[in-house]
Every structure is written in C-alpha cells, then in structure tokens.
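Below is one structure, written out as structure tokens; the observations come after it.
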Amino acid sequence: MNKGKVDVLLGLQWGDEGKGKVVDVLTPQYDVIARFQGGPNAGHTLEFEGQKYVLRSIPSGIFQGGKVNIIGNGVVLAPDLFMDEANALEKSGHELKSRLHISKKAHLIMPTHRVLDAAYEAAKGKSKVGTTGKGIGPTYTDKISRNGLRVGDIFDNFEKKYAEHKARHESILKSMNYAYDIADVEEKWLEGIEYLRQFNIVDSEHEINGLLRNGNSILCEGAQGTMLDVDFGSYPFVTSSNTICAGACTGLGIGPNRIGDVYGIMKAYCTRVGAGPFPTELFDETGALIRQLGHEYGAVTGRERRCGWIDLVALKYAIMVNGVTKLIMMKSDVLDGFDTIKACVAYKQNGTEIDYFPYNIEEGIEPVYKELPGWKTDMTKMTSEDEFPQAFRNYVAFLEAELETPIKIISIGPDRDQTIVRE
C-alpha cells in the first residue's frame with residue numbers, strides 16, 4: 001500500500017480469477033477503490049457473513065464503510081443494469097449514493113448497442129467471438145470512432161443526443177436486415193438514466209489526482225483478464241478495452257509514475273469463457289471435475305467455463321506486460337483432491353518447443369507439462385501458512401521460481417476469511 005500512490009489489481013489469465021474477493025480483502029488498506037475499464041460483462045463475486053454478492057459495474061470496495069469508490073472514464077456503463085445492481089445493494093444495507101462517484105467521461109451502453117452486439121455476432125457465424133451480449137464491443141467501437149454517448153451528456157440536451165445516436169444505430173441494423181424490439185428495454189434504460197442523475201457525477205481525473213495530492217492511497221480494480229486485453233490478448237477473441245496495468249492510467253487519468261505495486265491474480269489452474277484458443281484446456285473427466293469443484297460458471301451469464309491446467313507460458317507473458325510485483329493465487333483448494341498436478345512450462349508449436357507466448361496460439365500449439373505430486377489435503381479450514389502440507393508448499397515454491405515473482409496471498413475458499421496472507 002502506497003500513500004499518495006496507486007496500486008493496481010488485475011487478472012493475469014482469461015478473467016474470472018477472483019478479483020472481487022481480493023479487492024474486498026485489500027480494501028481496508030486503501031482510501032479509494034477505482035474501476036478503470038470494462039462493463040457489466042464482468043461479474044466480481046464476493047462472499048462474506050453468509051451472503052453472496054455479484055458486482056458488475058460497482059467497485060468491490062463498496063462493502064467497506066468510509067471508502068470512496070470511483071467508476072472511471074474507461075468503464076462503459078449500462079444505466080438499467082447499474083440501477084438493478086445499486087438497488088439490490090442498497091436493499092441489503094449498503095449505502096451507495098454518498099460513497100460512489102461516477103466519471104462524466106464514462107461511456108453509456110445504449111439498448112441499441114446490445115442489439116448491435118447480437119447482430120454482429122450472428123453475422124460472424126462460426127467465427128463468432130462468444131460475447132456476453134451486453135453491448136460492450138459496440139459501445140467501445142462508438143467511443144473509438146468518436147460517436148459515443150457519455151455519462152456527462154445526461155445533463156446537457158440529452159434527449160436530442162440520445163435520439164441521434166439511436167437513429168444511427170437503427171440505420172446500421174436496417175442495413176443488416178436484423179429484426180429487433182427494444183421497447184421494454186428502452187423504457188427501463190431511460191428509467192436508469194433518471195436514477196443515475198442521483199449520484200455524484202464527477203470529473204474523475206481531477207478528483208483522483210486531488211486525492212493523490214492529499215496523500216490518499218488508491219487501489220485500481222481491473223475487470224476481465226490480461227489474456228483478454230484488446231492489444232495483448234488472444235485477438236480477436238478478446239474484450240474491447242485494455243485490461244492490463246496501462247489501462248489504469250488511461251481509464252482513470254493518472255500518470256504512470258504514480259503506479260506502485262501491481263497485484264496479479266491467477267487461479268491455481270486456468271479457465272476461459274466463450275470462444276478462443278486455450279492451450280491447456282482439458283476435455284476429459286479432469287476438466288469436468290475442476291469445473292464442478294471450482295463452481296466454474298459465469299457470475300453474470302451462468303455459462304460453463306472451460307477448464308485446464310495452469311499455463312506458465314501465458315502467465316510469464318502477463319507478468320511481463322503488466323509489470324507485476326506481487327502474485328495472488330486463487331482457488332488453491334479446488335486442487336486439494338488430485339493425485340497429480342500439472343503445469344504447462346512450454347509450448348510445442350508445429351513440433352518446435354518454445355517458452356514464450358507467440359503471436360498466434362490458435363493452431364499448432366501443444367502444451368508441454370511438468371507434473372507435480374498433489375497434496376491430497378483439505379486446506380479450506382486452514383488459518384495460517386504454517387498449516388500448508390509440504391506438497392502444496394513445493395507447488396507454490398515451483399510457481400514462484402518459474403514466474404520469478406512472489407506469491408503473497410493464497411485463497412483457500414470463497415469466503416473473505418479463507419485468505420492466507422504470506423510474510
């Protein structure tokens with residue numbers, strides 16, 4: 001934790017690493033929690049005191065009293081989904097309006113963005129990306145092409161602006177001969193716009209830098225994972241934003257010299273949702289067992305996650321592009337019952353062994369595994385590192401040596417208390 005500096009927490013795999021839980025665990029050390037990219041396609045699941053929460057757009061620090069939570073300019077926001085999420089939290093006793101600040105420069109996901117998302121996917125046929133259908137891609141497309149509608153626009157001639165953007169989308173959909181009906185969705189979306197007006201809508205880049213000047217500590221919360229980054233992920237099967245550490249600078253308006261620690265979160269194995277290459281994917285009973293034990297289903301979509309062994313080639317790449325200083329390993333307990341644990345240490349690409357992440361991993365990639373003995377011990381009730389079985393200690397030491405980065409936090413279950421912080 002750095003006073004007057006920014007620490008970044010992000011996923012190192014294909015998303016779903018458990019970022020929400022870790023943000024909640026780390027929040028007491030920080031004054032401010034800020035989301036810097038992504039939208040309601042990314043669900044962060046938190047469990048504590050017998051309750052389970054799924055956050056889609058709201059930062060995971062909202063459960064800790066007295067913290068400032070910021071939705072940054074790099075986020076895309078769906079007013080109707082945000083309204084549902086915020087109302088559910090307030091009903092469960094978590095007051096938001098005084099603690100949640102939303103950037104004027106965050107872009108709005110319109111109802112027609114969701115229709116465009118579905119239309120574009122349908123047009124791709126077998127080569128579809130496997131999006132969540134939440135309109136994320138079309139919203140970022142409008143942003144980059146300078147056609148976006150932003151949160152700040154809700155206070156300035158909004159009805160006219162909305163109508164113009166909607167008409168442009170409808171023209172595209174007409175040219176695609178795509179049938180749709182948004183009447184019900186639009187009614188709720190406009191209700192969400194009115195709800196949004198009740199919040200602190202701010203110039204977040206000024207607010208964040210002012211907080212830093214006053215010595216406050218900020219934790220930036222990323223969504224999805226490094227391997228879904230639009231530049232460095234497994235393109236084109238990626239999200240539409242920069243999920244890496246650099247995205248915290250552009251998604252919040254902070255200088256790179258402010259970045260302190262970069263926490264990289266990984267699972268003890270690997271998962272992926274939707275289409276796209278996945279070198280260590282398991283299609284056998286082991287993969288199905290990992291899915292079952294790890295409850296590997298999407299927090300937002302409920303889709304089955306594809307499961308496989310940990311990929312150290314991809315992880316080394318993710319650590320490199322993010323400048324990771326500390327690792328956090330999630331779901332170690334899911335592997336408690338396995339006799340043998342495998343870790344991918346290299347790829348064979350068209351018969352040649354390589355130890356780096358290549359431009360194209362769609363074809364001709366075969367994982368090279370190292371096998372390690374399993375620990376065959378239930379770790380879910382352990383409260384300190386001293387209780388870890390030796391085989392698990394060996395697994396952790398192996399990962400640290402391979403990745404050349406210390407593993408500082410180990411999660412052994414979904415609850416806030418099932419977290420071991422290592423010295």
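In this text the structure is predicted, and so the values were computed from the model without any measurement. Because only heavy atoms are used, hydrogens play no part in the values below, and waters and symmetry mates are left out as well, while side chains stay in.
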Considering all heavy atoms, the nearest [X]-[Y] contact:
X	Y	answer
Thr280	Pro367	CG2-CB, 4.2 Å
Asp153	Gly148	OD2-O, 4.4 Å
Gly61	Ile33	CA-CG1, 3.8 Å
Ile409	Leu26	CD1-CD2, 3.9 Å
Ala268	Leu335	O-CD1, 3.6 Å
Asn73	Gly253	OD1-N, 3.9 Å

Would you say [Y] and [X] are linked by a side-chain donor-acceptor pair, where the criterion is simply a distance under 3.5 Å?
X	Y	result
Tyr140	Gln37	no
Ser234	Trp14	yes
Lys67	Thr27	no

Under the side chain to side chain donor-acceptor pair (under 3.5 Å) rule, what do Lys21 and Thr419 come out as? Steps first, then yes or no, please.
-> CA-CA 9 Å; Lys21 173 186 171 177; Thr419 311; 3.2 Å; yes
Just wondering, more than 12 heavy atoms not from [X] lying within 6.0 Å of its [atom1]?
X	atom1	result
Lys91	NZ	no
Tyr235	OH	no
Glu187	CD	no
Gln390	CD	yes
Asn157	CG	yes

Going through the distances and angles, do Gln13 and Thr271 end up as a side chain to side chain contact (heavy atoms under 4.5 Å, CB included)?
-> CA-CA 8 Å; Gln13 295 163 315; Thr271 63; over 6 Å; no
So, [X] side chain and [Y] main chain: donor-acceptor pair closer than 3.5 Å or not?
X	Y	value
Glu85	Ile58	yes
Asp333	Met379	no
Glu121	Ala118	no
Arg303	Val273	no
Ser103	Ile71	no
Asp117	His113	no
Glu400	Ile407	yes
Arg291	Glu304	no
Asn214	Asn216	no
Arg306	Gly274	yes

Does some side-chain heavy atom of [Y] sit less than 4.5 Å from a side-chain heavy atom of [X]?
X	Y	answer
Leu10	Cys220	no
Tyr317	Asp311	no
Met227	Phe237	no
Asp31	Leu211	no
Phe155	Lys104	no
Leu399	Met266	yes
Val23	Leu9	yes

Quick one: which residue pairs count as a salt bridge (Lys or Arg N to Asp or Glu O under 4.0 Å) with a foot in residues 265-278, not counting sequence neighbours?
->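 Applying salt bridge (Lys or Arg N to Asp or Glu O under 4.0 Å) to every pair that reaches into residues 265-278, excluding sequence neighbours, yields Lys267-Glu296.
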So, [X] and [Y], do they make that salt bridge, N to O below 4.0 Å?
X	Y	answer
Glu402	Lys316	yes
Lys188	Glu191	no
Lys160	Glu164	yes

Looking at [atom1] of [X] and [atom2] of [Y], how far apart are the two atoms once the value is rounded to the nearest 0.5 Å?
X	Y	atom1	atom2	answer
Glu281	Trp309	CD	CH2	14.0 Å
Leu196	Leu108	CG	CG	7.0 Å
Asn69	Leu100	CG	CG	6.5 Å
Gln224	Ser241	CD	OG	5.5 Å
Ile62	Leu96	CD1	CG	4.5 Å
Ile193	Glu186	CD1	CD	11.0 Å

Just one of Asp261, Val8, Ile259 clears the side-chain contact (heavy atoms from CB on, under 4.5 Å) bar with Thr325, so which one?
->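 Exactly one candidate clears the test, Asp261.
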Kindly assign one of parallel, tilted or perpendicular to the pair Phe392 and Phe388, based on the angle between their ring planes and the thresholds 30° and 60°.
->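 Geometry flag for Phe388 against Phe392: perpendicular rings.
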Measure up the His94 and Phe63 rings against each other and bin them: parallel (under 30°), tilted (30 to 60°), perpendicular (over 60°).
->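 Answer is perpendicular, since the angle exceeds 60°.
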When you look at Asn322 and Thr226, which way does the side chain to side chain donor-acceptor pair (under 3.5 Å) test go after all the steps?
-> CA-CA 8 Å; Asn322 286 299; Thr226 296; 2.8 Å; yes
Side chain to side chain contact (heavy atoms under 4.5 Å, CB included) assessment of Leu312 paired with Phe398 | CA-CA 11 Å; Leu312 301 186; Phe398 164 74; 3.8 Å; yes
Under the side chain to side chain donor-acceptor pair (under 3.5 Å) rule, what do His107 and Asp142 come out as? Steps first, then yes or no, please.
-> CA-CA 9 Å; His107 280 246; Asp142 276 355; over 6 Å; no
Run the side chain to side chain contact (heavy atoms under 4.5 Å, CB included) check on Phe232 and Ile244 step by step: do they pass?
-> CA-CA 8 Å; Phe232 296 101; Ile244 63 171; 3.7 Å; yes
Quick check, are the ring centers of Tyr269 and Phe338 under 6.0 angstrom apart?
-> no
Report the C-alpha separation of Glu90 and Lys97 in whole Å, then their side-chain angles, then the decisive distance to 0.1 Å, and conclude whether the salt bridge (charged side-chain N to carboxylate O under 4.0 Å, His left out) test is met.
-> CA-CA 9 Å; Glu90 291 200 316; Lys97 292 187 178 70; 3.1 Å; yes
Walk me through it: do Ile319 and Leu327 pass the test side chain to side chain contact (heavy atoms under 4.5 Å, CB included)?
-> CA-CA 9 Å; Ile319 289 167; Leu327 290 170; 4.0 Å; yes
